[in-house]
Amino acid sequence: MRNIVAGNWKSNKLINEGQELINEIAKGLPSLDSTDVIIAPPTPYLAHYSRNFVATNGIQFAAQQCSANSMGAHTGEFTASMLTSCGIQHVIIGHSERRDRFGENLDVVRAKVNEAIAAGLHVLLCCGESLDVRESGNHFDLISTQLSDAFQQVKVAQMSQITVAYEPVWAIGTGVTASAEQAQEMHRFIRERIEEWYTVKTAESTRILYGGSCKPSNANEIFSQPDVNGGLIGGAALDAKSFLSLIEASETSQKHSQ
Ligand code: 13P
């Protein structure tokens, strides 16, 4: 199974700065034998980038979210089908920043997943616990709830459109990374839940990414865990050199696991 290294730019970079960054990344890309590279820039640039960089070997684009509604009178929203009409193949849903700051509760996340699946998008579904939840020992229950709720209407055949991203909130943008053991433990737990809810084959073929202060200095260790299939990267995706070294780390971990 191929890894994914995805860069979530969040609300960073102006359009030309982003373009330069993509050019630099494209120039330095190694041959992508076993890694899919996805970049999630701010939404206003998506159609432009996907058109301009269509010839850029290997880089795919994602939106950082989409509407929970389909087309209609929803001022300011953009639907999943609008993304596919712009040539976008991927969407991040359920990022903790959206859950915490923009009122995306379980119902909203589930509705967004359903819209994205129906539009044919590949979903990077985020889950993750706060420090309070981890310290109270309820992190496995919370992750199980976040995922089982989001998967309610997702059929087994549609699971090929889902990648899970485990992003402990206490590790996002803090410089504190989950240890390789903590990441592996949670990724294993997630894979076991997918097996319980779907099939062994689905569990084995679903990619589970780690996110949260993932950087060149810790990527080798994290990516080499058996149930870690790459990363969802924030800060380190804003610099070509560090993003490229995360892609290299993914390629290396895949070679060692063969
Ligand atoms: P950082 O890599 O900056 O911690 O962000 C992770 C993240 O939220 C990616 O979606």
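Remember, it's 1-based here, ligands and their atoms both numbered in the order they're listed.
The protein residues lying under 4.0 angstrom from ligand 1, judged by non-hydrogen atoms, are Asn8, Lys10, His95, Glu167, Ala171, Ile172, Gly173, Gly212, Ser213, Leu232, Ile233, Gly234, Gly235.
Side-chain contact of Asp132 with Ser130: a donor-acceptor pair under 3.5 Å is absent, judged by distance alone. In summary, the side chains of Gln225 and His187 do not present any donor paired with an acceptor at a separation below 3.5 Å, with no hydrogens or angles considered.
Between Phe61 and Tyr49, the ring planes are tilted. Angles from 30° to 60° get that label.
In terms of the ring-ring contact (aromatic ring centres under 6.0 Å, His included) criterion, Phe78 has no residue partners (sequence neighbours excluded).
When each of Thr174, Asp100, Val133 is tested with Val169 by the rule side-chain contact (heavy atoms from CB on, under 4.5 Å), just one qualifies, namely Asp100.
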Pair His95-Glu167, side chain to side chain donor-acceptor pair (under 3.5 Å): steps then yes or no: CA-CA 8 Å; His95 194 283; Glu167 301 204 304; 3.0 Å; yes
